[in-house]
Amino acid sequence: MIRRFRLPLTGSGGNVELSGGEILVQFLKDEGVEFVFGYPGGAVLHIYDALYGQDEIKHILVRHEQAATHAADGYARATGKTGVVLVTSGPGATNAVTGIATAYMDSIPMVVITGQVPLPVIGSDAFQEVDSVGITRPCVKHNFLVKDVRDLAETLKKAFYVASTGRPGPVVVDIPKDITDPKVRIPYTYPKTVAMRSYNPVVKGHPVQIKRAIDLLLGARRPMIYSGGGVVLSGAAEELTALTRRLGAPITNTLMGLGAYPGTDSQFLGMLGMHGTYEANMAMHECDVLLAVGARFDDRVTGKLEQFCPTAKIIHIDIDPASISKTVKVDVPIVGDVKTVLQDMLKILEKEDARLDEVALKKWWEQIEQWRATDCLAYDRDSELIKPQFVIEKLYEVTRGDLYLTSDVGQHQMFAAQFFKFDQPRRWINSGGLGTMGFGLPAAMGVQLAYPDQKVACVTGEASIQMCIQELSTAMQYHLPIKIVNLNNRYMGMVRQWQEFFYEKRYSMSYMDALPDFVKLAEAYGHVGMRIEKPADVEGALREAFELKDRLVFLDFITDQTENVYPMIEAGKGHHEMHLSNRELA
Amino acid sequence: MRHIISILMENESGALSRVAGLFSARGYNIESLTVAPTEDPSLSRMTIVTTGSEEIIEQITKQLNKLIDVVKLIDLSEGEHIERELMMIKLKAVGPDRDEIKRLADIFRGRIIDVTASTYTVELTGPGDKLNAFIKAVDGGSIMEVVRTGVSGIARGERSLGL
Ligand SMILES: Cc1cc2nc3c(=O)[nH]c(=O)nc-3n(C[C@H](O)[C@H](O)[C@H](O)COP(=O)(O)OP(=O)(O)OC[C@H]3O[C@@H](n4cnc5c(N)ncnc54)[C@H](O)[C@@H]3O)c2cc1C
Ligand SMILES: Cc1ncc(C[n+]2csc(CCOP(=O)(O)OP(=O)(O)O)c2C)c(N)n1
Ligand SMILES: [Mg+2]
C-alpha cells in the first residue's frame, strides 16, 4: 500500500513543495553538512535519487556501513562538527551498529539516517526489516522513527541539536521508505531553531561550587589535574592550559584527552591508567587535591576503586550529572560545560590573584621528578628488531608532530598514546571506550576528507587493519593520501600480552596464520606498499612515504613479536602497583 | 532501600521501552512500573518502585533524567507522599468461606465486584502492604487469581510534579 496524496500548500506562498527525500537533502544543505558517509539500498533509494545530480552535499561511498560510521566519527572528532551517515534498512542498519556504539562510548556527535521499510508493513517481517530503533536504543543518545513526512524536517533538526549539545552522542533517525516517496510533496522551510522541554543541558557551573573548588585547590599541597575527552569535546584546551599553568600543578590526560594539554610541556606527566606513566599514576596515588575535568573515571583509569587517590579530595567538572560520583564519590561536583566553568575559575583566580603554597608545590615537584627519573617508557634501543615504540618515535620526528593520527586497537594504540606527543586537541583519534578494532582506517578517511591538505596517518596492527581493509578501495576512489603505519608483530599483540601474563603463555588464537602480503594488497588497490624490516630503514621509509603527498602508502613494519606494553597495571589493582617492564616496582 | 520514583515524560511511542531498557541494561531492580497519560495528552506519568543503595538510586535518577523523553522526575520517598495500588483478587467462595471473605473484604474496605455461586472477586485499593496483608489474611488455598496494578504515587501537600 503506497500513500498517494498531495498535501495542500500552506500559508507563506514562497515555500517550495518537496518530497521527503528532497527535504532530507535540502535540510542537510541548510544545516551546513559537508559530507554524508553512506551506502545505498532499497529503503533509501528515494533519498539517493534526491542526492543525485547535486554536489553541495558530498556523498562518500564506503565499502561497508561500519566504515561509514567510523569515517563520520573520525570527521567529527577532527573537526568538532557532527558526522552524518546514511544507510539502508536491515543489514545496512545492523552493519552500522558497531560504529554507532563506538561513537556513543566516546561521546561523539553523529547523526545516522537509516532507511526503514514502509510504515504500513512495519512489524510484518518485511524484506530487510529490523527494528533499528530497538537495536540501537542502548547505544544512542536518542533515536527517532519518522511517522509522518510533515515531521521530517523538525525531527532532523532535533537530531542534530541533541547529537551536538550537552554531552554529545550519536542520534539515529529511522525513515520509512514511504516517508521519502517522491510523489508526496509538502512545503518545506528550514527549522532554524528547536526547543525541547525535556532536554536542556546545563552549561554554566554553579558559582558556589566553583568557589568551593577554588578554595580547595588553593589549599592544596600536592595538587593534581586529571583531564579527559570532555575538554576536547568542549573546545577547552586553551582554558585548561591556562589554568594548569596558572596553578603550576602537574597534569595527566586520559587516552581520550591527549592533546588537550600540550604533550611536550614539562607540567604534563603523560597518560594515566592501565598503561599510563609511572609519574602520572604515582602522582594520582599521592595527591591531596584532584581536579578531574571532563573525564569519567573509567575502570582503565581508576584501577581498584578502593585504592583510587586514597588521600585526595576530589573536584569533578562534567556536563553529564550521571558521570559524577558514578564510580568514585567526589567532594565538589560541578555540573557544566568545561570551557565555561574553567573560564569562570580563571576569572576568580585572576581577580583574587591567588596562588598555591610555593614551598609545598616545590616539594611536590621534587617528588614527581624522582618518579619521572624512573624513565618508565624505556625500551631496548639497540635491538636488531624493529621496536614498535621506535617507529612511533620516528613518526613523531619525521612529521615534527604535525599530524592527525588515528589508531586501531591493541598494543600499537598504546604505543602511539605513550610515544607520540600531541600538542593540540583533535589530533589523536581513537576508539577508547568501546575499543573497536577496524576503527583506524575509516576514521582516517573522515579526517583526510575534512583536511585534504593535512598529514593524516593511521597506526594499526596486522589484525586490526584487516577488520576494515576493504576501505583501501574507498581511499582510492576519493584520493585520500593516508599513511598507514602497520606495526606488524604477527600477533594480536594485546591479547598475546594478557595470555603471557595471566594464562601462562598459552597463546590461544592470538596468532594469525596466512597473513596477506600487505605490500601486494596495497598495490592491488592501486596504492603504494612498503615493507620495512630493519630499524635502520624506519626513518627513511617514513620520509619517503610522507613525500608521496598524493598517495596512500601502506607501511608494513615487521616489528618485534614479543614486545609488551609497559607500564601496566593489572585490572583491579591500584595505581601504585604497576609493572614496569620485567622489573617489578611497587 | 525502597524508593518510589515519579516521572513526567513525553507521551511518545518507545518512551516506555527506553525506561525499561535502561533498567535492564544497567541491572537496576524494578519492583513495579505503572504508566498512563496525564490531563495533558502529550505527557505521561510513570511511577517506578525500585530498590537499591543510595549510590544506585542516585545513578537511577540521574540516568532517568538523562533520557531525552524524560521531562521531570522526583523521588517521592524523599518527602511525605501517598502511594496507592489497586488489586482485583478472585477467590473460591463456597460454604462458610463466603461469609468469611465478605467480612474480610469489609474490614479492608474492599468491594466485591463480581459474584458467582462459587466465587467472589474483590477489589481493594491501598498501599502495597495493605494489599499484601489482605492476601495473607485470606486462606491461600482459596485464591484463584491476583491482579495488581503496581504502585502509583503522589506527593503530599504543595509539592507536585508538573511542567
Ligand atoms: C586497549 C585499550 C587500553 C586502554 N588503556 C587506557 C589507559 O591506560 N588509560 C586511559 O586513560 N584510558 C585507556 N583506555 C581508554 C578507556 O577505556 C576510556 O575510553 C578512557 O579512559 C575514557 O576517557 P575519559 O575519562 O577522558 O572519558 P570520555 O569517554 O572522553 O568522556 C568524556 C567525559 O567528559 C564529559 N563531557 C563531554 N563533553 C563535555 C563538556 N562540554 N563539558 C564537560 N564535560 C563534558 C562526558 O560527560 C564524559 O564524562 C584504553 C582503551 C583501550 C581500547
Ligand atoms: C572488534 C574487536 N574484536 C576483538 C577485540 C579484542 N582485541 C583487543 S586488541 C586485539 C588484538 C589486536 O591485534 P593487532 O591489531 O595486531 O594489534 P597489536 O595488539 O598486535 O598491536 C583484540 C583481538 C577488539 N578490541 N575489537
Ligand atoms: Mg599485531
Side-chain angles (χ1 to χ4, degrees), chain A residues 101 104 107 119 122-123 131-148 151 155 158-163 165-174 194-202 296-297 305 316 318-330 333 335, chain B residues 1 3 5-28 30 33 35 37-46 48 50 52-75 78 160-163:
Chain A
Y104 180 68
S107 307
L119 278 170
I122 285 184
D131 175 8
S132 299
V133 165
I135 283 183
T136 58
R137 190 183 301 117
C139 59
V140 292
K141 183 167 172 190
H142 196 56
N143 57 21
F144 299 93
L145 172 65
V146 182
K147 288 185 177 156
D148 189 322
D151 298 336
T155 305
K158 280 184 184 166
F160 276 82
Y161 172 61
V162 170
T165 51
R167 178 178 183 168
V171 175
V172 167
V173 183
D174 200 24
V194 60
M196 294 170 75
R197 61 182 171 188
S198 62
Y199 175 70
N200 297 296
V202 175
R296 60 182 173 84
F297 296 80
L305 289 171
H316 187 191
D318 203 292
I319 202 156
D320 179 4
S323 271
I324 295 177
S325 293
K326 180 167 69 175
T327 55
V328 173
K329 195 117 193 96
V330 304
V335 177
Chain B
M1 250 271 278
H3 285 251
I5 298 170
S6 214
I7 308 171
L8 202 59
M9 60 198 301
E10 297 290 351
N11 186 9
E12 300 266 359
S13 69
L16 172 62
S17 45
R18 286 182 212 283
V19 173
L22 173 70
F23 274 75
S24 64
R26 294 188 181 267
Y28 304 143
I30 296 190
L33 183 159
V35 62
T38 64
E39 83 287 2
D40 173 350
S42 72
L43 288 171
S44 289
R45 174 81 175 239
M46 182 184 279
I48 296 179
T50 180
S53 63
E54 283 312 304
E55 292 79 44
I56 299 274
I57 299 295
E58 185 181 328
Q59 263 299 308
I60 290 177
T61 54
K62 284 175 168 179
Q63 293 291 348
L64 284 169
N65 255 318
K66 207 168 136 176
L67 292 177
I68 307 290
D69 285 335
V70 169
V71 181
K72 262 186 188 170
L73 69 78
I74 50 170
D75 183 346
E78 278 173 358
S160 78
L161 182 63
L163 277 184

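What you are looking at is a predicted structure, and each value in this text was computed from that prediction instead of being measured. Residue numbering restarts at 1 for every chain, and letters A, B, ... go by the order of the sequence lines.
- Of all the heavy atoms in A:Ser198 and B:Val71, the pair that sits closest is CB-CG2, 3.7 Å.
- Put simply, of B:Arg18, B:Lys72, B:Glu12, the one with the most heavy-atom pairs under 4.5 Å next to chain A is B:Arg18.
- A salt bridge (Lys or Arg N to Asp or Glu O under 4.0 Å) check over residues 134-145 of chain A, counting only residues at least two apart or in different chains, returns nothing.
- Checked against side chain to side chain contact (heavy atoms under 4.5 Å, CB included), A:Ser323 has the following partners two or more places apart in sequence or in another chain: A:Arg167, A:Arg296, A:His316, A:Asp318, A:Asp320.
- Rounding to the nearest 0.5 Å places OH of A:Tyr161 at 9.5 Å from CD1 of B:Ile68.
- Contacts between residues 20-27 of chain B and chain A, counted as heavy-atom pairs separated by less than 4.5 Å, involve B:Arg26.
- Contacts of residues 55-65 of chain B with chain A at a heavy-atom distance below 4.5 Å involve B:Glu58, B:Gln59, B:Lys62, B:Gln63, listed in sequence order.
- For chain B, the nearby parts of A:Ile324 are the backbone and the side chain; heavy atoms of each come within less than 4.5 Å.
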